[in-house]
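One structure is given below, encoded as structure tokens.
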Amino acid sequence: MWSSGLTLDRSRLSRRTFLGGATGAAGTGALLSARAAHGAPAPLPAPGARWLLSEDPAFAVGASVGDLTFVAQDAAGPGELPSGAVPQAERTLENIRRALAAVGQSVDDLVFLEVLLTDYAAAPEIGRLLRTAFRPDRGPTTCFVGVSALGPDRMVRMDAVASTNRDRAQVVVEGVPLPLGAACHAIRVGELVFVGSVDAPEDVGTPSTIVLERMDAVLRAAGLGLKDSFRHWAFLRNMAATNVRDAYGRERTARLDPIFAPDEYPANSRIGSPALGTNVAQRSYAVATRGRRQYVESKFARRSPRVFAQSVRAGDWLFIAGQDAVDVAQQTLFVGDLRAQTDQCVRQLQFIMEAAGGTMDDIVKTTVYLLDGQDRSVFLDAYGEQFRRRLRSPWMPAGLAMTVDALRPDCLVEIDAVAWLGAR
């Protein structure tokens with residue numbers, strides 16, 4: 001994560017194992033080992049040479065902890081930003097390679113890759129690029145999502161998860177279309193299973209049911225089932241329409257009710273996407289586990305039984321559902337005020353972290369969904385201010401922000417997170 005010149009008090013460091021931020025001589029970012037940084041202050045990044053220039057210093061280059069590494073990259077780097085989505089995708093992949101190399105890893109360690117595009121028409125060509133960029137037996141599963149914006153001149157951003165766990169297996173199931181650009185539907189690493197995108201076409205009456213059935217088929221091929229999933233993401237076309245939102249909730253509840261207790265639904269994010277490909281009404285991806293789960297709730301954040309859990313702990317990982325400015329009484333706060341809603345989202349993350357026995361320093365990654373039409377600079381300023389007020393170490397979490405076309409009504413921003421609660 002981005003470094004600072006602060007002297008580090010090792011008793012105040014978070015549980016994050018690797019913290020990024022030093023900038024190499026070639027103008028590319030690097031990930032720093034917190035263990036190596038204990039003995040000396042981390043170096044300051046060189047001006048103008050950072051990745052994610054438009055969002056510095058809101059997000060770190062990446063974070064590596066336990067056996068997972070999180071890296072979000074776009075085409076920023078030395079020289080001019082490439083013109084066109086495919087050249088930007090090529091540069092983005094190179095930046096991911098460099099970031100992983102900084103912690104002794106490679107693209108062979110990738111398990112999941114989310115590809116965000118402002119022009120979804122480029123998706124097929126970028127999908128072909130991915131198929132040639134990775135070994136068939138080591139490539140990640142994927143999810144392509146159309147977004148409204150990614151920041152100044154950014155057409156592509158990729159959000160990657162890698163793992164050093166050697167207990168790894170690809171999962172392929174007959175009868176379910178493969179995610180674009182991927183050779184497998186899911187990848188299991190240790191106890192966790194990362195399920196790539198599953199789609200439902202527009203010409204079916206129950207798209208959410210179709211998605212969940214396909215997700216179940218993928219998980220059954222991994223020796224699990226839908227009951228073992230604990231974190232879902234859903235991207236819906238036309239989510240601003242009340243009937244689309246209502247149908248999604250109704251179908252989801254009907255499918256999940258028989259297998260989950262009311263307070264043990266998967267943590268969830270439901271996001272509106274302007275484009276998901278021809279004839280695609282909904283796209284989802286998920287994480288499941290072969291191990292035990294613990295559902296963590298704060299009384300200061302809203303509870304939504306039979307809708308989603310606030311957060312789920314799987315091993316030492318805590319996956320927090322998307323947090324928006326909706327209070328415990330199910331009322332949306334600060335309508336029309338992006339700064340105040342951002343503050344509320346971060347407060348709720350803190351409430352949940354404290355309920356889990358952690359701190360904000362234990363958050364390794366966030367994903368931000370910003371409603372189209374909002375001032376990105378206002379969000380970035382508020383987000384950075386609120387996190388830094390709560391952090392004891394000098395590093396921000398890794399992550400990224402995307403602009404989308406619909407969230408819950410009256411909500412301008414939503415933030416989800418992944419935290420590590422293992423040994424320091």
Side-chain angles (χ1 to χ4, degrees), residues 1-2 12-20 31 34 58-72 103 111-112 114 159-163 165 189-192 194 229-233 266-269 286-289 291-301 308-324 342 344-369 383-384 386-401 414-424:
M1 299 179 181
W2 291 126
R12 291 165 60 85
L13 286 171
S14 76
R15 294 180 174 90
R16 295 174 288 183
T17 303
F18 287 90
L19 302 163
L31 301 179
F59 301 100
V61 172
S64 185
V65 60
D67 60 3
L68 296 182
T69 297
F70 301 91
V71 176
V103 288
V111 296
F112 177 75
E114 184 177 29
D159 194 12
V161 183
S163 177
N165 195 322
V189 282
E191 297 293 296
L192 297 178
F194 292 84
S229 64
F230 64 87
R231 183 65 172 97
H232 292 178
W233 289 260
N268 193 49
S269 296
V287 184
T289 182
R292 295 182 57 191
R293 291 165 291 182
Q294 178 184 354
Y295 295 82
V296 179
E297 289 190 339
S298 167
K299 64 181 180 181
F300 301 112
F308 64 89
Q310 287 179 11
S311 68
V312 184
R313 180 169 181 170
D316 289 322
W317 294 104
L318 184 73
F319 287 76
I320 301 177
Q323 298 299 302
D324 50 28
T342 302
Q344 182 66 22
C345 291
V346 177
R347 275 193 293 272
Q348 291 179 183
L349 290 176
Q350 181 179 13
F351 295 150
I352 295 169
M353 287 305 306
E354 290 173 349
T359 72
M360 294 293 278
D361 291 274
D362 299 321
I363 293 178
V364 297
K365 177 189 187 296
T366 64
T367 305
V368 176
Y369 310 95
Y383 174 92
Q386 290 301 315
F387 257 93
R388 287 188 178 84
R389 285 174 56 186
R390 293 166 168 83
L391 293 174
R392 296 175 295 174
S393 60
W395 298 284
M396 294 287 287
L400 76 164
E414 182 173 317
I415 306 174
D416 65 34
V418 180
W420 170 258
L421 299 175
R424 294 179 187 269

#### Entry: Point-to-point distance, once rounded to the nearest 0.5 Å, from CD of Gln350 to CZ of Phe387
9.5 Å
#### Entry: Lys365 side, atom NZ; Leu400 side, atom CG - distance, nearest 0.5 Å
6.0 Å
#### Entry: Which atom of Leu349 lies closest to which atom of Ala417, heavy atoms considered
CD2-CB, 4.0 Å
### Query
Side chains of Arg390 and Thr359: donor-acceptor distance under 3.5 Å anywhere?
no
### Query
Hey, is the main chain of Ala321 close enough, under 3.5 Å, to the side chain of Gln323 for a donor-acceptor pair?
yes
### Task
Answer yes or no: is there a donor N or O on one side and an acceptor on the other, between the side chain of Thr69 and the main chain of Ala162, under 3.5 Å?
no
### Task
Locate the shortest heavy-atom distance separating Gly66 from Trp420; write the atom from each residue and the value.
CA-CH2, 3.7 Å
### Query
If you round to the nearest 0.5 Å, how far is CD1 of Ile352 from CE of Met360?
10.0 Å
### Taking every non-hydrogen atom, the tightest pair across Ser229 and His232
OG-NE2, 2.9 Å
### Task
Kindly assign one of parallel, tilted or perpendicular to the pair Phe194 and Phe112, based on the angle between their ring planes and the thresholds 30° and 60°.
parallel
### Message
I'd like to know whether Ser298 forms a side chain to side chain contact (heavy atoms under 4.5 Å, CB included) with Glu354, so could you lay out the CA-CA distance, the side-chain angles of the two residues, the decisive distance to 0.1 Å, and finally the verdict.
### Response
CA-CA 8 Å; Ser298 167; Glu354 290 173 349; over 6 Å; no
### Message
Could you walk me through whether Met353 and Leu318 satisfy the side chain to side chain contact (heavy atoms under 4.5 Å, CB included) test, starting with their C-alpha distance in whole Å, then the side-chain angles of each, then the deciding distance to 0.1 Å, before giving a yes or no?
### Response
CA-CA 9 Å; Met353 287 305 306; Leu318 184 73; 3.8 Å; yes
### Query
Regarding Gln344 and Arg347, is there a side-chain donor-to-acceptor distance under 3.5 Å anywhere?
yes
### Task
Check whether any side-chain heavy atom of Leu192 sits under 4.5 Å from a side-chain heavy atom of Leu68, and report yes or no.
yes
### Task
Keeping the roles fixed (side chain from Asp67, backbone from Asn165), state whether a donor-acceptor pair exists under 3.5 Å.
no
### Query
Are Trp317 and Thr289 close enough, and set up right, to give a side chain to side chain contact (heavy atoms under 4.5 Å, CB included), and what steps lead you there?
CA-CA 11 Å; Trp317 294 104; Thr289 182; over 6 Å; no
### Query
Should Asp416 and Tyr369 be marked as a side chain to side chain contact (heavy atoms under 4.5 Å, CB included) after you check the CA-CA gap, both sets of side-chain angles, and the distance that decides it?
CA-CA 9 Å; Asp416 65 34; Tyr369 310 95; 3.1 Å; yes
### Task
Would you please classify the geometry between the Tyr383 ring and the Phe59 ring as parallel, tilted or perpendicular, with 30° and 60° separating the classes?
tilted
### Message
Let me confirm one number: the CZ-CD1 distance from Phe351 to Ile320, rounded to the nearest 0.5 Å.
### Response
12.5 Å
### Task
Please tell me if the side chains of Thr342 and Gln386 come closer than 4.5 Å, counting only heavy atoms from C-beta onward.
no
### Task
State, to 0.1 Å, how close Ala63 and Val364 come at their nearest heavy-atom pair, and which atoms those are.
CB-O, 3.6 Å
### Query
What are the two closest heavy atoms between Asp324 and Gln348, and how far apart are they?
O-NE2, 2.9 Å
